[in-house]
Amino acid sequence: MLAFLVQRISQAFLVMFVISVIAFAIQDGLGDPLQEMVGMSVSEEEREAIRDELGLNDPMVVQYLRFAGNALQGDLGNSYFYSKPTLEVIAEHLPATLELVIGASLIIVFLSVPIGVYAAIRPQAWLSKFFMGVSTVGISIPVFLTAIVLIQLFSIGVTVNWFPSDTGWGQWLNDFFSTEGGLPSYGRGDELTHLFGTWESGFFNGTGLMHLVLPSVSLASIMLPLFIRLIRAEMMEVLQSDYVRYARAKGLSAGRINFLHALKNTMLPVITVGGVQIGIMVAYTILTETVFQWPGVGLMFLEAITRSDIPLIVAYLMVVGLIFVVTNTLVDLIYGLVNPTVKLTGKKA
C-alpha cells in the first residue's frame, strides 16, 4: 500500500505539472486582461506600467517558474476581477458544484444499478427493452437540450406551446403536454444552510432541494445511460462465467447468485469507470450551470474567460486536474478493497 501511494503521488505531481504547462501555453490566446481591468481610457504608458507590475511582460518561462513556486506554497495568484486570491474565489463557488455533482451521482447510483441488473437478468422482458431504448436515446441528447426541455416541462411559470394554439386540437395538445411544474429553474435559492463557516448547503431545507432537482437530473442524464448499459453488459458477461454456472449447479438461490456473487464482480469495472466519470462531471457542469445559472465553478470559469481573468482560468484548470487525480487514486484504493486479490502495486496475487 505504501509503495502504491508513493507511486501515485509521483504520478500526481507529473500530471499536475503537465496541466500547469498546458494552461500556461494557452493563456496567450485567452485575450488581454488589461482590456477588462482598465478599459480603453488608460494611456499606453500606463498600460505598460501595469503590465510590468503584474509581470505580464516577463518571458513565459519566468512567469511559469514564478507561478510554480507560488503554487507549491498554496498560492495560485490573485483574480484580476475579484481582486482576491483565486483559490478563495474557487472555494466560494466549489460547494455549489460539488452539491450538483453529488445530487447527480445519487441519481445515477440509485437508478443505474437496479435498472442495469434487471436488464441483464431479464434481457428479453419488454421493460428491459424499454430501458435500453431510452438509454440509447439518452446518450444521443446533449445536456443543454435536456436542461431546456426539463425547464419547459417542470419549471415554475413556463408553459409548453409546441402546437398551434389557434386550433382546437393544437390547444388540447398544448394543455395535455403542459405539466404546470412548480420546480425552480434559476439559482440555488435563498434559504441555504451554513456549514463549516463558508459552505452554504441546500441539502438541508426544502427550498434548496427544490432548486437542486432540475440541475441534478440534467447533469445525471449525461452519465445515467452509460452506466445502465455498462452494468447490463458486465452483469450479462459475469452471469455466463463458469463460477456462476457452478453456483447454479450447487443449487444456490437466484437472488444469492445474482446479488451476492455476480453483482460484486460486476461492480469492479463500474467503480473504475465511475471514478473517472465523477471527475468528468465536474467539468461537464459548465453547460448545466450556464443553463440554470447555478453559481458553481463552471459558471465562474465561463465568466473568467469572458473577462480574460487568466489567473482564475489557470487556477480552475489546476483544481479540476487535482480533482481528477484525487478521484482516480481513491478509485484504485476502493478497487483494492472490493477485490482483495487485486494488487495495487501491479504484482501478481
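Bear in mind that the values here come from a model prediction, so they are computed numbers and not experimental data. All values below come from the heavy atoms of this structure, side chains included, with hydrogens, waters and symmetry mates left out.
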Okay, side chain of [X], backbone of [Y]: is any donor-acceptor separation there less than 3.5 Å?
{"X": "S83", "Y": "S79", "answer": "no"}
{"X": "W294", "Y": "A96", "answer": "yes"}
{"X": "T288", "Y": "T285", "answer": "no"}
{"X": "S221", "Y": "S218", "answer": "yes"}
{"X": "E289", "Y": "G298", "answer": "yes"}

(request) Walk me through it: do Q293 and L299 pass the test side chain to side chain contact (heavy atoms under 4.5 Å, CB included)? (result) CA-CA 7 Å; Q293 287 299 291; L299 186 60; 4.1 Å; yes
Atom [atom1] of [X] and atom [atom2] of [Y]: how far apart are they, to the nearest 0.5 Å?
{"X": "L312", "Y": "M300", "atom1": "CG", "atom2": "CE", "answer": "4.5 Å"}
{"X": "L322", "Y": "L317", "atom1": "CG", "atom2": "CG", "answer": "12.5 Å"}
{"X": "T266", "Y": "M235", "atom1": "OG1", "atom2": "CE", "answer": "5.0 Å"}
{"X": "M318", "Y": "I323", "atom1": "CE", "atom2": "CD1", "answer": "12.5 Å"}

Task: Residues, nucleotides or ligands: over 12 heavy atoms within 6.0 Å of F13 CZ - done: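 At most 12 heavy atoms, drawn from other residues, nucleotides or ligands, come within 6.0 Å of this atom.
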Using a 6.0 Å cut-off, check whether atom CZ of R256 has over 12 heavy atoms from anything other than its own residue.
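At most 12 heavy atoms, drawn from other residues, nucleotides or ligands, come within 6.0 Å of this atom.
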Of all the heavy-atom pairs spanning [X] and [Y], show the shortest one and how long it is.
{"X": "Y316", "Y": "V297", "result": "CE1-O, 3.7 Å"}
{"X": "L239", "Y": "R248", "result": "O-NH1, 3.7 Å"}
{"X": "A71", "Y": "L76", "result": "CB-CD2, 3.5 Å"}
{"X": "A220", "Y": "P225", "result": "O-CD, 4.5 Å"}
{"X": "L214", "Y": "F292", "result": "CB-CE2, 3.6 Å"}
{"X": "L100", "Y": "P215", "result": "CD1-CB, 3.4 Å"}

- Before accepting this row, confirm whether a basic side-chain N of the pair E237/R232 lies closer than 4.0 Å to the acidic partner's carboxylate O. no
Note to self: Go through it in stages, so that I can follow the logic: the residues are R245 and Q240, the test is side chain to side chain contact (heavy atoms under 4.5 Å, CB included), and I'd like the CA-CA distance, side-chain angles, deciding distance and then a yes or no.
What the structure shows: CA-CA 7 Å; R245 291 194 181 100; Q240 300 300 321; 3.7 Å; yes
Pairs of donor and acceptor atoms involving the side chains of residues 120-145, under 3.5 Å and at least two apart or interchain, shall be tabulated with distances.
{"residue": "S128", "atom": "OG", "partner": "R122", "partner atom": "O", "Å": "2.6"}
{"residue": "S135", "atom": "OG", "partner": "F131", "partner atom": "O", "Å": "3.3"}
{"residue": "S135", "atom": "OG", "partner": "M132", "partner atom": "O", "Å": "2.7"}
{"residue": "S135", "atom": "OG", "partner": "R229", "partner atom": "NH1", "Å": "3.2"}
{"residue": "T136", "atom": "OG1", "partner": "M132", "partner atom": "O", "Å": "2.9"}
{"residue": "T136", "atom": "OG1", "partner": "R229", "partner atom": "NH1", "Å": "2.9"}
{"residue": "S140", "atom": "OG", "partner": "T136", "partner atom": "O", "Å": "3.2"}

message: Walk me through whether M281 and L219 qualify under side chain to side chain contact (heavy atoms under 4.5 Å, CB included).
response: CA-CA 8 Å; M281 275 202 297; L219 184 60; 4.1 Å; yes
Under 4.5 Å between any side-chain heavy atoms of V238 and Y243, yes or no?
yes
Side-chain atoms of residues 106-113: list all donor-acceptor pairs with protein atoms under 3.5 Å, sequence neighbours left out, distances to 0.1 Å.
{"residue": "S112", "atom": "OG", "partner": "I108", "partner atom": "O", "Å": "2.5"}

Are [X] and [Y] in one and the same hydrophobic cluster, where Ile, Leu, Val, Met, Phe, Trp and Tyr link if side-chain heavy atoms are under 4.5 Å apart?
{"X": "L302", "Y": "F81", "answer": "yes"}
{"X": "M236", "Y": "I231", "answer": "no"}
{"X": "L87", "Y": "L72", "answer": "no"}

Kindly indicate, with the supporting measurements, whether the criterion side chain to side chain contact (heavy atoms under 4.5 Å, CB included) is fulfilled by V89 and H93.
-> CA-CA 7 Å; V89 176; H93 293 81; 4.0 Å; yes
